[in-house]
Number of protein chains: 2
Amino acid sequence: MTAAANHNLTRRLGRAGIRDVAAAAGVSITTVSDALNGKGRLPDATRLHVREVAERLGYRPSAAARTLRTGRSGLIGLTVTTYGDEPFTFTEFAYFAEIVRAATSAALDRGYALVILPGSSQHCVQDVWSNVALDGTVVIDPAEHDPVVTELHRQGVPVVSDGNPGSTPVRAWVDNDHEAAVLKIMEHLTEAGARRIGLLTGTSTDTYTRLSTNAYLAWCESVGQDPVYETYRAHDACASAGAADRLLSRPDRPDAVYGLFDPNGTDLLSAARRYGLRVPDDLLLVCCSESDAYTATDPPVTTLSLRPRQIGTTAVQLLIDAIEGEDTGAPLQQIVPTELIVRASSQRRPARSTVSPPRAPGRG
Amino acid sequence: MTAAANHNLTRRLGRAGIRDVAAAAGVSITTVSDALNGKGRLPDATRLHVREVAERLGYRPSAAARTLRTGRSGLIGLTVTTYGDEPFTFTEFAYFAEIVRAATSAALDRGYALVILPGSSQHCVQDVWSNVALDGTVVIDPAEHDPVVTELHRQGVPVVSDGNPGSTPVRAWVDNDHEAAVLKIMEHLTEAGARRIGLLTGTSTDTYTRLSTNAYLAWCESVGQDPVYETYRAHDACASAGAADRLLSRPDRPDAVYGLFDPNGTDLLSAARRYGLRVPDDLLLVCCSESDAYTATDPPVTTLSLRPRQIGTTAVQLLIDAIEGEDTGAPLQQIVPTELIVRASSQRRPARSTVSPPRAPGRG
DNA sequence: CGATCAAGGAGAAACGTATTTGCATCGAAT
DNA sequence: ATTCGATGCAAATACGTTTCTCCTTGATCG
């Protein structure tokens, strides 16, 4: 009597295991495993027979057991900074949502599933993180010496980051060239006739804010313009409007503005309306956003897209390459180009049909 | 010599396991497990000592082993219908994104992680689904006799659905009352002065479309209005504009329209512009959308929100209750109320300050 | 003084799979 | 006729936990 047959007598409950299949097919566990996974040397007859029996019994291999045995779970993590209770920052919502969407898709395409995990600041981090077996993780915008990344690295879990990881040890990373993006926008506005370009930026010290602001300052220096900018707490949903207002009420009011964050566009638009400034005639406007809301504003606003879909996809590709040990020769650092979507707000003399006529200043 | 100590001699590679901790602490494996999990009856001294040793060794329990042993993975699935390569339908993007966001958050709050999985139509479904051990799954908008749900049910995995599951066997479900929502909108438009209300609806047979359309037809019957509606393939990104155009070019042109899908708002707006119709003066407009783009259109458009955040949260709550066997007494079917966000497009005489003056019809 | 009991902890059996090793059998080659 | 390699499959082991059972040791009580 085989072990499988013996086992078969002892239990009748629960779902069918590999042992049940072996018993039912009259073969050993090994043979079942080999037949189902296409390994070993078995004649086609055996293979087919085993598969047929497995099918009939509705056998599904236990993911947990397989993971334990092979050390591979087929799961990759994605951590998104959480503020308060909600994952994803509100203001960067469309950006994160697109990344998640693209990353999920890219992972599924290669047979992996994606798990969304909380960022370092969560309370019950330890719990949830250590309760799931990950083959690798994508970390969005890791802080310098990020504890999550450090821990993962210690455990030998490959990490790919979105955003320059600094000295944090990651396998690869992907990012935009934020300096180049700012320069592109400055050039665009200049060509559209801007004389003094202002910036709406944040107070936080994350890489994106820092690099972009510095690029702006450097550009100012290079063209001999005095910097004109206002900062605000970018993660405070209400603060944007105030900053926009401050920027446009300055004595040295700019005739063009670039806003680094998503809500800046609408807030600048309504501030401009309050001060009787026509866009784009009196004020050129660009903001960084993934939202399609700016196709329908009055006027439509030129936006800079950071291409979150490509970022998500690329990060996952790099991660899975690392997991599977495929040295694809792809550079370990990939730069995703940004995309400037030019709309009416940054063109001085566009086709006028869709642009509102000048109107008297009123209370917005 | 204990088994743990014995083991300690034999292996020196890889990460620390529970055995290594036991050996280093001079206790048995059982004691380590109990100490770390707060079980068994141990004096605080032992507990502390074990924890300290575990910490020093950087011990992290293997999620796979724990899952295998306990039968619980701490993972819940979320399946989102995928079209082509991308998960989430484009037109319903904001809706799905909000559900995912809220579901993720709700899951994390209760110590679970969320895995996004492909819908039934994917090619490699079998692979990815059976490679991850799930404690339960939220299925969005399951089809009648959905194969994924059926299979999960067979495996004893609890399922909660968003949308009436019909005869598909789920543990609980959550949905909006789509009929009530349509009636609410009809009343709102009527109060705003609408005489003939039109509908922009889809050709597909999913529950949402069907229920909403039928509710509209029933309402027409009850008030004695001839139905005025156009249908289009709602998942075709470009088709909406054509349908909006058709609806407004009819001889029996409605003086108010409700659009069932997200893009309908902007498309109706530009169609109205093309035909020289002022919104809201000549045409009242409401559409179902989660996008905040409609706060910034000209004029802002009244939207119906299906409250995807509450849907996602509730679905996850119900699912985890089912997983943990907590009969909270909560009804197994929960209705999430919809929210009508009234903006200028459906108010005949609003505060006019932000509304554009009438303009001559032009080519949009 | 022997029996009872509680505290503290050790042993060992699962959980369900993948994999390594090894045992037969059989045809062909020496 | 013996050896040999190839073929088809079974047994056993390991993956790292959790948990059930049981053992030991002092202390308490009748």
Side-chain angles (χ1 to χ4, degrees), chain A residues 1-8 10-11 13-23 25-50 54 57 59-74 130-133 155, chain B residues 1-8 10-11 13-23 25-50 54 57 59-74 130-133 155:
Chain A
M1 176 181 281
T2 68
N6 179 32
H7 169 263
N8 195 16
T10 64
R11 63 193 296 274
L13 320 170
R15 302 205 335 268
I18 197 175
R19 281 186 285 248
D20 303 299
V21 177
V27 296
S28 77
I29 295 181
T30 310
T31 304
V32 174
S33 178
D34 284 349
L36 262 39
N37 297 332
K39 301 195 172 178
R41 359 159 244 202
L42 300 177
D44 286 350
T46 309
R47 231 175 261 282
L48 252 53
H49 175 228
V50 168
L57 263 53
Y59 167 71
R60 295 282 172 269
S62 149
R66 170 175 291 170
T67 299
L68 179 58
R69 179 62 230 236
T70 62
R72 289 286 251 290
S73 66
S130 63
N131 261 332
V132 35
Q155 289 181 36
Chain B
M1 175 182 279
T2 67
N6 178 31
H7 170 263
N8 194 17
T10 64
R11 63 193 296 273
L13 319 172
R15 300 208 331 268
I18 198 175
R19 279 186 286 246
D20 303 300
V21 177
V27 296
S28 75
I29 295 181
T30 310
T31 304
V32 175
S33 178
D34 284 349
L36 263 36
N37 297 332
K39 301 197 170 177
R41 357 157 245 203
L42 299 177
D44 287 350
T46 309
R47 232 175 261 280
L48 252 53
H49 175 228
V50 168
L57 265 53
Y59 167 70
R60 295 282 173 267
S62 148
R66 172 174 291 169
T67 298
L68 178 58
R69 177 63 232 228
T70 64
R72 290 288 247 295
S73 66
S130 63
N131 262 331
V132 36
Q155 290 181 34

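Chain letters run A, B, ... following the sequence lines, proteins first, then strands; residues in each count from 1.
Straight-line distance from the CG atom of B:Asp20 to the C1' atom of D:dG16: 11 Å, rounded to whole Å. For the pair A:Arg66 CZ and C:dT19 C1', the interatomic distance rounds to 13 Å; values are reported in whole Å. Rounded to an integer number of Å, the gap from B:Asn131 CG to C:dG16 P is 17 Å.
Neither OP1 nor OP2 of D:dG8 sits under 4.0 Å from any side-chain N or O of A:Arg47. Contact between the side-chain N/O atoms of A:Ser62 and the OP1/OP2 oxygens of C:dG16 is not found at any separation under 4.0 Å. At the phosphate of C:dT17, neither OP1 nor OP2 sits under 4.0 Å from any side-chain N or O atom of A:Arg19.
The nearest pair of heavy atoms linking A:Ala133 to B:Ala64 is CB-N, 4.4 Å. For the pair A:Ser62 and A:Ala65, the tightest heavy-atom approach, listed with the atom from each and the gap, is OG-N, 3.0 Å. When all heavy atoms are compared, the tightest approach of B:Ala63 to A:Ser130 is CB-O, 3.8 Å. Residues B:Ala25 and B:His49 approach most closely at O-CE1, 3.2 Å, considering heavy atoms.
Residue-to-nucleotide proximity on DNA chain D shows that, of B:Leu68 and A:Gly26, the 5′-proximal contact is made by A:Gly26.
Summarising the geometry, atom CG belonging to B:Leu68 is positioned 12.0 Å from atom OG belonging to B:Ser73; distances are rounded to the nearest 0.5 Å. Atoms CZ and CZ, on B:Arg60 and B:Arg15 in that order, are 9.0 Å from each other to the nearest 0.5 Å. Here CG of B:Leu57 is found 12.0 Å from CD1 of B:Ile18. Values are rounded to the nearest 0.5 Å.
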May I have the list of side-chain donor-acceptor pairs in residues 31-45 of chain B shorter than 3.5 Å, sequence neighbours left out?
{"from": "B:Thr31", "atom 1": "OG1", "to": "B:Ser28", "atom 2": "OG", "distance (Å)": "3.1"}
{"from": "B:Asn37", "atom 1": "ND2", "to": "B:Ser33", "atom 2": "O", "distance (Å)": "3.2"}

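By the side chain to side chain contact (heavy atoms under 4.5 Å, CB included) test, A:Leu48 pairs with no residue at all, sequence neighbours left out. Under the side chain to side chain donor-acceptor pair (under 3.5 Å) criterion, B:Thr67 pairs with no residue, sequence neighbours left out.
No N or O donor and acceptor, one from the side chain of A:Thr31 and one from the base of D:dG8, sit under 3.5 Å apart.
Residues from residues 34-42 of chain B lying near DNA chain C, meaning a heavy-atom separation below 4.0 Å, are B:Arg41, B:Leu42 in numerical order.
Side-chain proximity of A:Thr70 to the nucleotides D:dT17, C:dA18, C:dG16 is greatest for C:dA18. Considering only side-chain atoms of B:Thr30, the nucleotide from D:dA10, C:dG16, D:dC20 that sits closest is D:dC20. Each of D:dA10, D:dG16, C:dA18 was ranked by its minimum atom distance to the side chain of A:Ser33; first place goes to C:dA18. Residue B:Ile18 has its side chain nearest to D:dT17 when only C:dA18, D:dT17, C:dG16 are considered. Closest to the side chain of A:Arg69, from the set C:dA10, C:dT19, D:dG16, is C:dT19.
Using five terminal pairs a side, the axes of the helix from C:dC1-D:dG30 to C:dT30-D:dA1 at its two ends make an angle of 70°, given in steps of 10 degrees.
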Using the 3.5 Å cut-off, write out each protein N or O paired with an N or O of nucleotides 24-27 of chain C and the distance between them.
none

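Among the heavy atoms of the strands, none lies under 4.0 Å from A:Thr67.
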